[in-house]
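After the structure tokens below, expect a handful of questions from me.
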2 protein chains.
Amino acid sequence: MNVNIGALRYDGDKESGPLSVTMPRRTKAEAEATREALLDAAEEVFFDKGVARASLEQIARHAGMTRGAIYWHFKDKADLFHALLNRVRLPFEELLDEVRETSGIDSPLETLRLACHNSLVRIERPRDRRTHAILLHRCEFFSDINPLEMQNRLVRECQKSMYKQLRHAHDLGLLAPGLAPETATRLLQSMLSGLVHDWLRDPASFPLRDEGGALIDTLFGLISWNA
Amino acid sequence: MNVNIGALRYDGDKESGPLSVTMPRRTKAEAEATREALLDAAEEVFFDKGVARASLEQIARHAGMTRGAIYWHFKDKADLFHALLNRVRLPFEELLDEVRETSGIDSPLETLRLACHNSLVRIERPRDRRTHAILLHRCEFFSDINPLEMQNRLVRECQKSMYKQLRHAHDLGLLAPGLAPETATRLLQSMLSGLVHDWLRDPASFPLRDEGGALIDTLFGLISWNA
DNA sequence: ATATTTACATTCATTTATGTATGGATGTAG
DNA sequence: CTACATCCATACATAAATGAATGTAAATAT
């Protein structure tokens, strides 16, 4: 079996148009590679021009293909968009699990703090950064896609995980006196949400890990009980 | 002079299409009224369908006009969009001035806190709410419009005003010990930004004034110096 | 070895939005 | 009372994107 994942076959035509006049069918591995290439191209073009203004023709050309390839691998633009988001999906709960497993910490507040730090690290990775920027700042609704509902689902899911930790911390008396876990949750979630929004709008304006990390630590210092 | 602002002339045709086959020119006041009607229609259609998917035809029909009216009053879609934003523009500094004038408070921290409350009240007004929702969640770049740059300008301007207040508060020893005014600024701005984003995405999910107000008070309680 | 399916490229028909050009009736200035 | 400018409606030309249909050579199954 000809396993050749990750490299498209070329036939001398170095231009970024269709590979040749009668380019034939590829092996399964090559087909999977072109699917990924199409997703990469969609990521770039969506990011640069916005989802609405990005045509499937531009995306296909950017990947060295034609629209035929897109319509083979994806139903339409919306389907392509969904596939794009699925590549970077990561529930906040899994970030918490990761922290719980790697570090031997049992304090719910410390676990949460580290998970927040890790979420910033995640979102700095180019693919995650661009994809989140697309979802937050570069797409409106179209066909059956409602990015606002998607964002809502993500936020609520994240809030739920945060609340579980802060509720636990509150029960252990770790929170500042008079601070309800519900309030602490909104405080943390809104701050992180705003921070990420601001940074994604202009990543060059400030270093996310540094300033964001300091902000997280400051907030956790403020909401923690201290003698 | 026939002053008749706020009411379009009808000629028996109650349908929402063009008023009549050969509807003539209006008075200056009527023309200004249709301009406002077009902006109202744009606000609604942009909000419902997103800026990219909203056609000028739909907007015109929604106002009981045709595209001819739009192209008379505005250069193109981008110009219409700009005019829409100008209706609700309000710098944060003016909110601060308003507080300084109406209340006799001289504490920079209290002034800032009240201005934050007032900003929530402002954004709950239907026109402000819809327009901000359009800018934040319902438009991508198109032609010469870059909503991300617009958002950036607004945020930086707001940050600047907040920082002036917090810097002043810090110099007066009003901030919690060890809390830099730069950090406090980011904390407050990110939280407010995230809060507004979340609320605009789904205004029914929680009451902004109540929960947001409580959040503001909590945060100011945390960042203030207290014996 | 043949038949079939796969993985695209190419072509075509349709839709949709835009910008402009033109027309026409009335307000308004003189 | 005329003349012109204003405020729109209508008509037209153009462009761009979509989705479906079709073609096709190689991979794969039989």
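Predicted model, so just to flag it, every value in this text is computed and none were measured. Just so it is clear: chains get the letters A, B, ... in the order the sequence lines come, proteins before strands, and each one is counted from 1.
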Can you check whether A/Ser55's main-chain N or O pairs, donor with acceptor, with A/Gln58's side chain at less than 3.5 Å? yes
Figure out the CG/P separation between A/Leu38 and C/dC8, and round it to whole Å. 8 Å
Counting heavy atoms not belonging to B/Arg209, are there more than 12 under 6.0 Å from its CZ? no
Between CZ of B/Arg61 and C1' of C/dT16 the distance, given in whole Å, is 15 Å
Any pair with a residue in residues 131-148 of chain A that passes side chain to side chain donor-acceptor pair (under 3.5 Å), sequence neighbours left out, goes on the list, sorted by first then second residue, please. none
May I ask you to check whether B/His62 and B/Asp40 show a side-chain donor-acceptor distance below 3.5 Å? no
Which pairs with one or both residues in residues 70-80 of chain A pass side chain to side chain donor-acceptor pair (under 3.5 Å), sequence neighbours excluded? A/Thr34-A/His73
Non-neighbouring partners of A/Phe81 that pass ring pair (Phe, Tyr, Trp, His ring centres under 6.0 Å), sequence neighbours left out: A/Phe142
Between B/Arg201 and A/Val155, is the side chain to side chain contact (heavy atoms under 4.5 Å, CB included) condition met? List the steps. CA-CA 11 Å; B/Arg201 239 185 350 245; A/Val155 166; 3.2 Å; yes
Where along nucleotides 12-22 of chain D does protein come under 4.0 Å, by heavy atom, of base (B) or sugar-phosphate alone (S), with - for untouched nucleotides? -----SBB---
What is the bend of the helix from C/dA1-D/dT30 to C/dG30-D/dC1 when you compare the axis at one end with the axis at the other, using five pairs each and rounding to 10°? 10°
Which residue pairs pass the side chain to side chain donor-acceptor pair (under 3.5 Å) test when at least one of the two sits in residues 153-165 of chain A, sequence neighbours left out? A/Glu93-A/Ser161, A/Arg100-A/Gln165, A/Arg156-B/Asp202, A/Gln159-A/Gln189, A/Tyr163-A/Glu182
Is B/Thr34 near enough to D/dC8 that one of its side-chain N or O atoms lies under 4.0 angstrom from OP1 or OP2? yes
Could you check how far NZ of B/Lys28 sits from C1' of D/dT6, rounded to whole Å? 9 Å
Are OP1 or OP2 of D/dC8 and a side-chain N or O of B/His73 less than 4.0 angstrom apart? yes
Gap between atoms CD and C1', on B/Glu30 and D/dC8 respectively (whole Å): 12 Å
How long is the line joining CD1 of B/Ile70 and P of D/dC8, in whole Å? 12 Å
Tell me whether the OP1 or OP2 atom of C/dC8 has a side-chain N or O from A/Trp72 closer than 4.0 Å. no
Send over the distance from B/Leu80 CG to C/dA17 C1', rounded to a whole Å. 15 Å
Can you tell me if CZ on B/Arg53 sees more than 12 non-hydrogen neighbours from other groups inside 6.0 Å? no
Using atom CZ of B/Phe74 as one end and atom P of C/dT20 as the other, report the distance to the nearest whole Å. 17 Å
